[in-house]
Protein chains: 4
Amino acid sequence: MALSRTGPVRSEAARLAILDAAVSLFTERGYDHLTMEGIARRAGVGKQTIYRWWPSKGDVIAEAILEGRLLGGRRDLPDTGDARADLAAWLTDLFTLRASPDGEGLLRSLVAAAAGSAETGRRLRAEILAAPLSHRLSQAMGGITGPRLDAAADALLGAVILRALSREDFGQDDMLLLVDAIVGPAAR
Amino acid sequence: MALSRTGPVRSEAARLAILDAAVSLFTERGYDHLTMEGIARRAGVGKQTIYRWWPSKGDVIAEAILEGRLLGGRRDLPDTGDARADLAAWLTDLFTLRASPDGEGLLRSLVAAAAGSAETGRRLRAEILAAPLSHRLSQAMGGITGPRLDAAADALLGAVILRALSREDFGQDDMLLLVDAIVGPAAR
Amino acid sequence: MALSRTGPVRSEAARLAILDAAVSLFTERGYDHLTMEGIARRAGVGKQTIYRWWPSKGDVIAEAILEGRLLGGRRDLPDTGDARADLAAWLTDLFTLRASPDGEGLLRSLVAAAAGSAETGRRLRAEILAAPLSHRLSQAMGGITGPRLDAAADALLGAVILRALSREDFGQDDMLLLVDAIVGPAAR
Amino acid sequence: MALSRTGPVRSEAARLAILDAAVSLFTERGYDHLTMEGIARRAGVGKQTIYRWWPSKGDVIAEAILEGRLLGGRRDLPDTGDARADLAAWLTDLFTLRASPDGEGLLRSLVAAAAGSAETGRRLRAEILAAPLSHRLSQAMGGITGPRLDAAADALLGAVILRALSREDFGQDDMLLLVDAIVGPAAR
DNA sequence: TGATAATCGAGACGGTACGTCTAGTCTTGGT
DNA sequence: ACCAAGACTAGACGTACCGTCTCGATTATCA
C-alpha cells in the first residue's frame, strides 16, 4: 500500500525566489556575507521554507550554480580553433571575474562555498568547472581520457584556484604559460 | 630621529597563549568553528588583546602557520632519491591529513582560512606550501626556475586542493599520476 | 479594517522571567550593577528578547515597579486616623528600606534608575510614589487638590529623596518635623 | 619621628587639567557618559594619575563642583528684596539649566552623580545647593534656624529634584506656588 | 652629589557589558 | 502539508571602559 500525502505541494515560486535572492546577494557581497536570514528577507519568504528544503546556505548556492545562475554561459569554453589560446582565455576570465563591479573575486567566493559545503565542493569539480574544461582539454591533448585527463584538468583549474587565493595578479601571459606546462608537453 | 614611545611592551606570554589556543581549536574543530571569543577564552586573555594585534581570526591562523605550529615538519619534503615518489608521498600526506583524529581535512580548513583571509591566502602559496614544494620540484625538473617552475608548482598543489574540496578519495596512485602529468614529461 | 499579522505572539513566560530576574538582581545589587546581560542570564533568555521589548534596563525596571514587584504593598499608606503620624511612618519606611539585607538604599537605587531612564523618572513621581502619597496628604490638608497639593507632595517626597542622596541618617522624629513643615501649618 | 618622603610632589597642572576635562565632558555629555578613560584622554594624562588621587569619577566631579567649576556663581541666590521671587527665580534657573546647549538637564546629571557617589551626594545637600538656599530661606522665614529650617530647605530643593527627574516642564509660576507651599504659611 | 623614591604620560593587560547580528527551532494563522 | 511572518534561546561579533600593571623619563629630597 502506498504512503499517501495530503496538502499543498512545494511552491515553485518560493524556490525560484530563494535562488534568485541567494544569487543576487552572493554576487553583491560574496559568500561569507551570505546569510539564511538575508536570503529569506530578500526573497520574501519564511526562514522555515528555506530550511525545509536545504540544510545550509552552501547547498542553496550549490543548487543555484548547478542551474547556471551564477556563471551563466561562462561555463562553456570558447572554440576559436586555437585550443591553447582558448584555454588560457577561459582561465583568465575565470580568474578575473568579480562577483560585483567592486567586489570580491567570484572564484574565491566559490572556493569559500566549496570549503564550507560538501555539495558545492563536489559539484565545483565534477560538473561546474572541471567538466566543461575537460572536454576542450581532451581535444587539445590528443583525445586522451581517463585519469590522465582528470589529472591535467585538476592541475589547470587547481592552479588558477591557488592563484586566486594568493591574491596576486596573474594575466593572460601567465595563463598561457600554465597551459603550456600542462598541455604543451603532450602537444609537442 | 624616530618618535619614541614609553610604556608597557607587548606581552610575549599573551601572544603565545593566543597562538596556542588558536592552533588547538583549529585542529579540534576546523576553521569555520574557530572564533575570536573561543580563542580568548581558551587562552585566558581579553578579546581586546587579540584585536589589538590581529585584525581577524584569519590573521591569527596565518601567523600560527607561519611559525610552523600547524604543519610542523610536514612542510619539508622527504628526499629518498626518487623525486617522483617523494612528491607523490608528500602530496598524499597533505591530502590525507586530518586536523584531528575524527576531524575535517586540514587542507580544506586551510583553504577556508585562505579564502577568508588575504594574509593566509598570500602565505599559503608563497611560503607555507608552494615554497618547499618548489625546491624539490626544481630538482625533479632538471633545475628549471622562474615562471615555468611556478606554473608546475601551482598546478601540483592546486590539483590537490581542488581534489580536497571535491571530497572524493584519492590515493597514492592518483598522486603519482598527477606528478607524472606535470613532472613526468620533463623527466622522461 | 486593521492590518493583521500572523505568526508567534509575545511569550508571557519570557516577559515574566525577565521581570523576575530584573527585580531580584536589582534588590541584590542595586541599579548600577544591574545589566542586560545579567538579566538575560538569570532569566534564561536570549538578550535579543529583552531588547525586542525594552529599549534599556531602566525601562525594564520601570515596568517591574509599575507592576508592584519592587515596592509591593509599600506603595499604600497606612491609615491609623493620625494622618501626621501615618505620613511620617510611610516616609521613614521609604527612607529606611534597603534593597537587600545588607544592600544599598532602595530609594537611592530608584533615583539612580529615574535619573537614567525617562520612563522610570516619569513614573516615579506620577504613579509610583507621589500618587499614593497625594491621596492621604489631601485628607491631611483639608481636602485640597490641584497644584497646591502637587507642590506639597513633591516637597515631601523630594525632601526624603534629597536626604537619601546625602547619606545622612534621618529618623522618625526628623520625618515628623518634615511633615509639620509642609502639612502642619495647614492642619493647625 | 615623622615619616619622610622623597620625590616629586603632586602636579597641580595635572590636577587642573583633570578637573577641566571632567567638567567639559560632564557639560557636553552628562554624568553617565563621563568616563575615567575619556577624562584621561582629554586631559592628556595617564589613567593612573587620576586613580592615584580619586577613587571614582564621582569624586572627581564632586571636587569640581566644590570648586565652583560646574555651577559657578549660580550657587548664590539673587537678592532683590522680594525673597519669595528670589527663591522662585533661583529654583527655576536650577531646574532649567542645561548641561550643554542641547544637552541633558544639569540638575538631573547632578542627581545621577549623587546617586552614584557618596561624596557628591553628601555635598549636594550640605554645601553645594542646600547651604546657599538655607541662608536666604532663613531670612524669608523670619530668621528661623535648626531642623525646622533644614526641613524647609530640603523640601524646596527636593521638590525641584523630583520634578527634574519626572521630565515634566515646570515654569516660574509653578516654582512660586512651591515656595508659597513651604515659605508662605510661615510668612503669613 | 649621587642614590632613592614618588611622580608623570602612555598604554597593554584580563575582564565585563554593550547593542547588533545570525543560527536554527518553534508557533501562529491562513491557504 | 505548505506558506509568510517572526518570536524564541543561544552565542559570536567588534567596541568601549574598568581598574591594575608596567615601562622609561622626570623631579625632588635625603644621606
Side-chain angles (χ1 to χ4, degrees), chain A residues 4-11 13-14 17 33-41 43-53 55-57, chain B residues 4-11 13-15 17 33-41 43-53 55-57, chain C residues 4-15 17 33-41 43-53 55-57, chain D residues 4-11 13-15 17 33-41 43-53 55-57:
Chain A
S4 76
R5 223 183 50 82
T6 93
V9 90
R10 178 171 186 180
S11 153
H33 294 95
L34 191 66
T35 66
M36 290 299 232
E37 198 115 347
I39 297 173
R41 208 178 306 131
V45 135
K47 284 203 288 177
Q48 200 54 250
T49 302
I50 307 184
Y51 282 108
R52 199 170 359 250
W53 303 109
S56 75
K57 65 173 182 170
Chain B
S4 80
R5 211 196 54 75
T6 116
V9 92
R10 178 171 185 181
S11 157
R15 196 186 73 90
H33 293 95
L34 189 65
T35 66
M36 290 299 230
E37 197 115 348
I39 296 173
R41 209 179 301 130
V45 138
K47 281 202 285 177
Q48 200 57 46
T49 300
I50 307 184
Y51 283 108
R52 185 152 31 230
W53 305 108
S56 74
K57 64 173 183 169
Chain C
S4 80
R5 209 193 58 73
T6 112
V9 92
R10 178 171 185 180
S11 157
E12 181 66 8
R15 195 186 73 91
H33 293 94
L34 190 66
T35 67
M36 290 299 231
E37 198 116 348
I39 296 173
R41 210 180 299 130
V45 138
K47 283 202 286 178
Q48 199 55 46
T49 300
I50 307 185
Y51 282 107
R52 188 158 22 236
W53 304 110
S56 74
K57 65 173 183 169
Chain D
S4 75
R5 224 186 50 81
T6 94
V9 88
R10 178 173 187 182
S11 154
R15 194 185 75 91
H33 293 95
L34 189 67
T35 67
M36 290 300 232
E37 200 116 346
I39 296 172
R41 209 178 303 130
V45 135
K47 284 202 287 176
Q48 199 55 251
T49 302
I50 308 185
Y51 282 108
R52 201 173 355 251
W53 305 109
S56 74
K57 66 172 182 169

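Note on naming: letters A, B, ... go to the chains in the order of the sequence lines (proteins, then strands), and numbering restarts at 1 for each one.
Distance B/Lys47 NZ to E/dG19 C1': 12 Å, rounded to the nearest Å. The nearest whole Å value for the distance from the CG atom in B/Leu34 to the C1' atom in F/dA12 is 12 Å. Rounded to an integer number of Å, the gap from D/Glu37 CD to E/dA17 P is 17 Å. In this structure, CD1 of A/Ile39 is placed 14 Å from C1' of E/dG24, rounded to the nearest angstrom. Regarding C/Ile50, its CD1 atom lies at a distance of 9 Å from the P atom of F/dT9, rounded to whole Å. Here the P atom of nucleotide E/dT27 and the CZ atom of C/Arg52 are 15 Å apart, to the nearest Å. Rounded to a whole Å, the CE atom of D/Met36 is 16 Å from the C1' atom of E/dG9. Between the CH2 atom of A/Trp53 and the P atom of E/dG24 there is a distance of 19 Å, given to the nearest Å.
Mapping D/Pro8 and A/Lys57 onto DNA chain E via the closest heavy atom, the residue that lands nearer the 5' end is D/Pro8. For the pair A/Gln48 and C/Gln48, nearest-nucleotide mapping onto DNA chain F gives the more 5' position to A/Gln48. Residue order along DNA chain F, read from the 5' end via each residue's closest nucleotide, puts C/Ala43 first among C/Ala43 and B/Pro55. Comparing C/Gly7 and B/Gly46, the nucleotide of DNA chain E nearest to each residue sits closer to the 5' end for B/Gly46.
Remark: the C/Thr6 side chain and the E/dT28 base include a donor-acceptor N/O pair separated by less than 3.5 Å.
Shown here for A/Leu34 and A/Lys57, the closest heavy-atom pair between the two residues is O-NZ, 3.1 Å. The two residues C/Ala40 and C/Gly46 make their nearest non-hydrogen contact at CB-C, 4.4 Å. Here the closest non-hydrogen pair linking B/Ala17 and B/Ala43 is O-CB, 3.5 Å.
The nucleotide whose nearest atom lies closest to any side-chain atom of A/Tyr51 is, among E/dA12, E/dG9, E/dA23, E/dA23. Listed nucleotides E/dG9, E/dT22, E/dC13 differ in distance to D/Ala14; the shortest reach to its side chain belongs to E/dG9.
Distances shown here put a side-chain N or O of A/Thr49 below 4.0 Å from the OP1 or OP2 atom of F/dA4.
Counting any heavy atom pair closer than 4.0 Å across all strands shown, A/Gly44 reaches sugar-phosphate atoms only and no base atom. Backbone-only contact: B/Ser11 has heavy atoms under 4.0 Å from sugar-phosphate atoms and none from a base. Within the nucleic acid shown, B/Arg41 comes within 4.0 Å of sugar-phosphate atoms alone, with no base atom in reach, counting heavy atoms only.
A 4.5 Å side-chain heavy-atom check between B/Trp53 and B/Arg15 finds every atom pair outside the cut-off.
With hydrogens and angles ignored, the 3.5 Å screen pairs no side-chain donor or acceptor of C/Lys47 with any backbone N or O of C/Glu37.
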